[in-house]
Protein chains: 2
Amino acid sequence: MGTECHHADGAHPGIKGHALTHALGAAETRCAATQERLTAPRRRVLELLLGADGPQKAYDLIAAFGEHGEPAKPPTVYRALEFLERLGFAHRIESLNAYVPCRIDGTEHRAAFLICDCCGAAEEFEPDFTAQLKAAEAAGYEVATITLEARGRCPACRAD
Amino acid sequence: MGTECHHADGAHPGIKGHALTHALGAAETRCAATQERLTAPRRRVLELLLGADGPQKAYDLIAAFGEHGEPAKPPTVYRALEFLERLGFAHRIESLNAYVPCRIDGTEHRAAFLICDCCGAAEEFEPDFTAQLKAAEAAGYEVATITLEARGRCPACRAD
DNA sequence: CGGTGAACGTTATTTCGTAACATGGTGGCC
DNA sequence: GGCCACCATGTTACGAAATAACGTTCACCG
Ligand SMILES: [Zn+2]
Ligand SMILES: [Zn+2]
Ligand SMILES: [Zn+2]
Ligand SMILES: [Zn+2]
């Protein structure tokens, strides 16, 4: 994505093979525990996200959806993404119009990302929103969700 | 733009008349101080943002651009918005695909918003990003910009 | 004046996301 | 089993958001 350096896209490597199967199995388990269904299209989109090397645009997923090169229809993928976000399996990065699988173990959490403008990597981190939640409370707001996106350069790209 | 309550859109009222003229004059002054030019389309878009009651979509601005109902061409408005963002006169709210005029006095700052899912209001506040900047540093990232968007319900809408 | 670069006007296209409605599968209930 | 209610999916079409590309204009400087 970068105009500034030569690094490849999306420094965060996707998972493959056995690790991927295991991750999908764990998702299945988490769904079963809450009466939710990890149906075929949902599972497929999660698989694509987990296997990708960086944030994926919706139409990237649409194009890659079919096993033999046939694309999906947009609503198929958008609906799956909505589900995956709702259950915390994926996050949307607003400033990129792109999606990533959740990299934080455990259940519900607020999302925060460090995004490299150079190589396109997006690293999820555990945010401490205490200060901002306090400000929101002071303003009388009841906060449902918070997202934070920090743009900059990752360690690899800083080294040039 | 809520599905949850009856309140009108965008609780933050726009400014009119003399206050508007004054704000535009101040912007002109700030531009002059840095060799930047507040040209007609830029000034017009800023005027629309300042006069609006809440976050404005790009195509809202495009439709309202002409003095007598003629819309602008998209690049006209998008270029103006890019300029206004660059100089800190406006912010883009990613999760709404919309723009607001900057409500924080002074110069450069990192943007943070409290957004009401019910009435569509978006309130800018002064964030304390110390905790997150520390986390970014620990991860080796060099941060250029940070934005935060908190969704929830404003005081008026909480009262129902 | 001419030359330079930023800003603008204009056309067309791409990218992103959703409305609407028909179809299909799953599980409870009689 | 047969029926129904519900959720999820398939499909078509459309609407919204943003940008590419290219020629023209305008301010500024020598
Ligand atoms: Zn996560
Ligand atoms: Zn990088
Ligand atoms: Zn601001
Ligand atoms: Zn509200």
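Model, not experiment: these values are computed from the prediction. Below, chains carry the letters A, B, ... as their sequence lines are ordered, and counting in each starts from 1. Worth knowing before you read on, the calculation uses all heavy atoms, side chains too, and leaves out hydrogens, waters and symmetry mates.
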Item to check | Rounded distance (Å) that lies between atom P of D:dG10 and atom OH of A:Y78 | outcome: 17 Å
Next on the checklist: Strictly below 4.0 Å, N to O, side chains only: are B:E82 and B:R79 in salt-bridge contact?
Outcome noted: no
Checklist entry - OP1 or OP2 of D:dA18 less than 4.0 angstrom from a side-chain nitrogen or oxygen of B:R92, does that happen here? => result yes
Checklist entry - Has A:T39 got a side-chain N or O lying under 4.0 Å from the OP1 or OP2 atom of D:dT9? => result yes
Checklist outcome for this item: To the nearest angstrom, the CD-P distance between B:E82 and C:dC8 comes to 11 Å
Next on the checklist: I'd like to check A:S95 versus B:T147 (side-chain heavy atoms, cut-off strictly below 4.5 Å). Are they in contact?
Outcome noted: no
Next on the checklist: Closer than 4.0 angstrom, basic N to acidic O: yes or no for A:E94 and A:R92?
Outcome noted: yes
Checklist entry - A:R151 versus A:L96: any side-chain heavy-atom pair under 4.5 Å? => result yes
Checklist entry - In whole angstroms, how far is the C1' atom of D:dA18 from the CG atom of B:N97? => result 10 Å
Item to check | Gap between atoms CD and P, on B:E36 and C:dA7 respectively (whole Å) | outcome: 7 Å
Checklist entry - Per the atom types in the model, does the base of C:dG17 pair as donor or acceptor with the side chain of A:Y59 at under 3.5 Å? => result yes
Checklist entry - Given atom CG of A:L87 and atom C1' of D:dC7, what is their separation to the nearest angstrom? => result 15 Å
Next on the checklist: Without decimals, in angstroms, what is the distance between A:F65 CZ and D:dT9 C1'?
Outcome noted: 10 Å
Checklist entry - When you look at A:L81 and A:L61, which way does the side-chain contact (heavy atoms from CB on, under 4.5 Å) test go after all the steps? => result CA-CA 10 Å; A:L81 288 169; A:L61 300 168; 3.9 Å; yes
Checklist entry - If you look at every strand shown and take non-hydrogen atoms under 4.0 Å, does A:P75 touch a base, only sugar-phosphate, or nothing? => result base
Checklist entry - Does OP1 or OP2 of C:dG9 have a side-chain N or O of B:T76 closer than 4.0 Å? => result yes
Item to check | Rounded distance in Å - CG (B:L84) to P (C:dA7) | outcome: 12 Å
Item to check | Under 3.5 Å donor-acceptor pair, A:R79 side-chain atoms to C:dG17 base atoms | outcome: no
Checklist entry - On DNA chain C, nearest-nucleotide positions of B:R42 versus B:P74: which is more 5'? => result B:R42
Item to check | D:dA8 OP1/OP2 closer than 4.0 Å to side-chain N/O of A:R37 | outcome: no
Item to check | Rounded distance (Å) that lies between atom C1' of D:dT19 and atom NZ of B:K73 | outcome: 15 Å
